[in-house]
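Proteins get letters first, then strands, A, B, ... in listed order; numbering begins at 1 in each.
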2 protein chains.
Amino acid sequence: MRENKFKQIYSQLVSDIQKGNIQPNSFLPSEHELVEQFQTSRETIRKALKLLSEHGYIQKMQGKGSLVLDVKRMDFPVSGLVSFKELAVKMGKETITYVEHFSETVPSKEIAEQLKLKADELIWEIVRVREIDGERIIVDKDFINKTYIPSLTKTICEQSIYEYIENDLGLTISFARKEFTVEEPTNEDQRYLDLEGHCNIVVVKNYVYLEDASLFQFTESRHRPDKFRFVDFARRSH
Amino acid sequence: MRENKFKQIYSQLVSDIQKGNIQPNSFLPSEHELVEQFQTSRETIRKALKLLSEHGYIQKMQGKGSLVLDVKRMDFPVSGLVSFKELAVKMGKETITYVEHFSETVPSKEIAEQLKLKADELIWEIVRVREIDGERIIVDKDFINKTYIPSLTKTICEQSIYEYIENDLGLTISFARKEFTVEEPTNEDQRYLDLEGHCNIVVVKNYVYLEDASLFQFTESRHRPDKFRFVDFARRSH
DNA sequence: AAGTGGTCTAGACCACGCA
DNA sequence: GCGTGGTCTAGACCACTTG
């Protein structure tokens with residue numbers, strides 16, 4: 001019971017929507033009714049509804065109510081920040097991670113700049129290849145500031161680095177800036193991936209920040225183009 | 001003075017940050033100080049700060065304050081919903097739009113399904129090619145439900161359809177679901193674009209909704225891969 | 001006119017960071 | 001212990017939709 005009330009209410013409503021207890025294209029109970037139902041204040045209900053709206057579950061309409069959107073097709077929630085492992089589990093796919101390279105090293109000038117490193121700061125450099133349903137589809141090149149993550153092992157990289165950072169180190173990953181581009185495959189891509197003649201690579205550059213706004217990781221994720229898909233829900237800011 | 005107070009405060013702070021009146025890596029005045037400064041209540045200040053946080057301008061830190069993030073590199077804000085024209089203007093690029101096809105027509109079965117059309121509903125079908133700095137880079141295929149946009153002209157399509165819908169028709173575009181994939185060029189792509197041997201096309205499918213949650217437009221935007229770039233700011237939802 | 005969501009207020013108490 | 005942000009409350013007034 002020590003959890004945030006508005007997040008509880010949000011989770012309850014999400015669960016009701018996903019289970020079909022609340023039907024798409026119907027209206028939620030009014031804010032006043034929800035106040036009674038959850039025995040709380042209106043602003044708290046409104047915080048919960050704001051979350052639902054931001055995540056694409058409802059559309060609020062002044063004077064009418066909160067319309068439940070049809071969320072069934074939102075099967076691939078890559079919007080926001082999700083690690084490869086979290087995704088793979090969600091998709092129920094057979095995936096294997098190969099750690100092709102793992103070292104503690106002095107950063108190149110380029111990477112030092114990307115990570116805004118101070119002189120003498122070291123990094124972890126990791127290359128991981130992701131195999132999905134028997135095909136090597138993705139290569140992830142991670143550069144992690146050793147100042148924030150002092151120890152790391154190959155075994156952790158085979159599992160989930162994010163899980164280790166959040167659960168074991170107790171750090172909180174807070175936000176990221178992502179950039180998507182398309183490039184021609186490098187020799188390295190050819191070597192690591194089953195390219196099968198594809199002549200482009202989707203490159204996702206990810207700058208990941210902790211909650212104190214420190215940039216601790218730069219990841220370059222290189223995807224075989226035919227297996228790349230990114231879905232986003234966006235509200236227009238007027 | 002009839003505008004929302006919290007949006008005014010947000011805009012004021014954004015402008016101060018962008019002009020450099022408030023330095024990156026410094027802290028904003030505390031919420032209490034902002035309450036005094038803007039002569040308002042704390043919840044109103046907090047709404048403004050929430051907007052700043054969602055848009056990547058600040059990082060809130062409990063017990064410390066609101067840290068101003070370095071936003072200079074966020075030069076290409078495609079996150080959210082922005083039309084081609086709004087973007088082109090922001091980038092200061094020399095762009096030309098060619099309307100290659102414009103018709104009012106009976107939808108194909110596939111499009112009828114995408115737009116969830118009722119029987120007998122007609123659509124506008126538009127193909128536009130975007131030339132940037134002398135190269136034909138993007139082809140946009142728009143399918144618009146005629147029920148919501150009863151009249152449309154070729155001239156409007158040469159300008160901005162969104163501008164017409166929002167300013168002239170007074171409709172509000174509210175949210176969208178986007179999907180990014182990479183495909184092989186079709187004959188149509190070859191015909192419309194200066195592909196220069198590129199053997200893939202970045203496809204952005206965009207389902208656009210009005211504020212009453214009605215799906216009024218499906219757009220397929222096909223980009224030459226070397227000119228495609230998408231930047232996103234994402235907060236992790238825990 | 002009644003019911004809905006949107007904004008704003010003034011105040012309370014809690015959790016966290018820091019000296 | 002003090003100042004910070006995080007949550008929650010109870011109530012007010014406004015804007016919009018519908019009958």
Side-chain angles (χ1 to χ4, degrees), chain A residues 1-13 22 26-54 57-69 170-172 174-175 210-214 235-238, chain B residues 1-13 22 26-54 57-69 170-172 174-175 210-214 235-238:
Chain A
M1 277 303 171
R2 269 323 60 221
E3 264 297 309
N4 293 335
K5 202 180 277 190
F6 77 92
K7 282 181 190 163
Q8 276 180 48
I9 296 170
Y10 165 75
S11 303
Q12 179 62 52
L13 292 172
I22 301 178
S26 69
F27 283 89
L28 285 185
S30 75
E31 294 181 353
H32 175 67
E33 286 171 312
L34 291 170
V35 162
E36 303 252 303
Q37 187 176 323
F38 288 99
Q39 282 298 302
T40 182
S41 72
R42 188 163 161 235
E43 284 294 348
T44 300
I45 291 296
R46 285 180 58 73
K47 272 190 201 168
L49 296 188
K50 183 137 196 297
L51 273 186
L52 285 169
S53 166
E54 281 166 3
Y57 287 105
I58 62 171
Q59 174 74 357
K60 306 197 77 180
M61 298 194 290
Q62 191 169 27
K64 299 183 75 173
S66 294
L67 182 66
V68 179
L69 299 178
L171 297 173
T172 302
S174 182
F175 63 94
L210 299 175
E211 64 183 337
D212 65 351
S214 56
R235 287 193 175 275
R236 183 167 173 90
S237 42
H238 282 97
Chain B
M1 275 306 171
R2 270 318 62 220
E3 265 297 309
N4 293 334
K5 202 179 278 191
F6 77 93
K7 281 181 190 161
Q8 276 180 49
I9 296 170
Y10 165 75
S11 303
Q12 179 62 52
L13 292 171
I22 301 178
S26 69
F27 283 89
L28 285 185
S30 74
E31 294 181 353
H32 174 68
E33 286 170 314
L34 291 171
V35 163
E36 303 252 303
Q37 188 177 322
F38 288 99
Q39 283 297 302
T40 184
S41 72
R42 189 163 160 233
E43 286 292 348
T44 300
I45 292 296
R46 286 180 58 74
K47 273 190 201 169
L49 296 188
K50 183 138 195 296
L51 273 186
L52 286 168
S53 166
E54 281 166 2
Y57 287 105
I58 62 171
Q59 173 73 358
K60 307 196 77 177
M61 298 194 292
Q62 190 169 26
K64 298 182 77 173
S66 295
L67 183 66
V68 179
L69 299 178
L171 297 173
T172 302
S174 183
F175 64 94
L210 299 174
E211 63 183 339
D212 66 351
S214 56
R235 288 193 174 274
R236 184 168 174 91
S237 42
H238 283 96

- Item | Between C:dG5 (C1') and B:Asn4 (CG): distance, integer Å | 13 Å

- Any side-chain donor paired with an acceptor under 3.5 Å for B:Gln59 and A:Ser174? yes

- Any donor-acceptor N/O pair under 3.5 Å between D:dC8 base and B:Glu43 side chain: yes

- Task: Could you please name the option among C:dT9, D:dC8, D:dG5 that lies closest to any side-chain atom of B:Arg46?
- Result: D:dG5

- Query: A:Ile9 CD1 to D:dT7 P: how many Å, rounded?
  - Reply: 13 Å

- Query: Is there a side-chain polar atom (N or O) of B:Thr44 under 4.0 Å from OP1 or OP2 of C:dT7?
  - Reply: no

- Item | Interatomic distance where CE belongs to A:Met61 and P belongs to C:dG5 [whole Å] | 10 Å

- Message: Of the listed nucleotides (D:dA10, C:dC8, D:dG5), which one gets closest to any side-chain atom of B:Glu31?
- Response: D:dG5

- Task: By nearest nucleotide on DNA chain D, pick out whichever of A:Gln39 and B:Ser66 is the more 5' one.
- Result: B:Ser66

- Query: Would you say A:Thr40 reaches D:dT9's phosphate, i.e. side-chain N/O to OP1/OP2 under 4.0 Å?
  - Reply: yes

- Counting heavy atoms from C-beta on, name the nucleotide in D:dG6, C:dC8, C:dG5 closest to the side chain of A:Lys60. C:dG5

- Message: If you compare all heavy atoms of A:Met61 against all heavy atoms of B:Asp212, which two are closest, and at what distance to 0.1 Å?
- Response: SD-CA, 3.6 Å

- Between A:Lys64 and B:Gly63, who's closer to the 5' end of DNA chain D by nearest nucleotide? B:Gly63

- Message: Side chains of B:Thr172 and A:Arg236: any donor to acceptor distance under 3.5 Å?
- Response: no

- Message: Tell me the interatomic distance from B:Phe38, atom CZ, to C:dC8, atom C1', rounded to whole angstroms.
- Response: 16 Å

- Item | Proximal nucleotide (of C:dC8, D:dT9, C:dT4) relative to the A:Glu33 side chain | C:dT4

- Query: A:His32 NE2 to C:dG6 P: how many Å, rounded?
  - Reply: 16 Å

- Specify the residue among B:Arg42 and A:Glu211 whose closest nucleotide of DNA chain C lies further upstream toward the 5′ end. B:Arg42

- Might you point out which heavy atoms bring A:Leu51 and A:Tyr10 nearest each other, and give the distance in Å? CB-CD1, 3.5 Å

- Can you tell me how far P of D:dG6 sits from NZ of A:Lys47, to the nearest Å? 10 Å

- Message: I want to verify a distance call: between D:dC8, D:dT4, C:dG17, whose nearest atom is closest to the B:Ser30 side chain?
- Response: D:dT4

- Task: May I have the distance from B:Leu34 (atom CG) to D:dT4 (atom P), rounded to whole angstrom?
- Result: 11 Å

- Task: Answer yes when B:Lys50 and A:Glu54 have at least one side-chain N-carboxylate O distance shorter than 4.0 Å, and no when they do not.
- Result: yes

- Protein-nucleotide distance (B:Ile45, atom CD1; D:dT7, atom P), rounded to Å: 17 Å

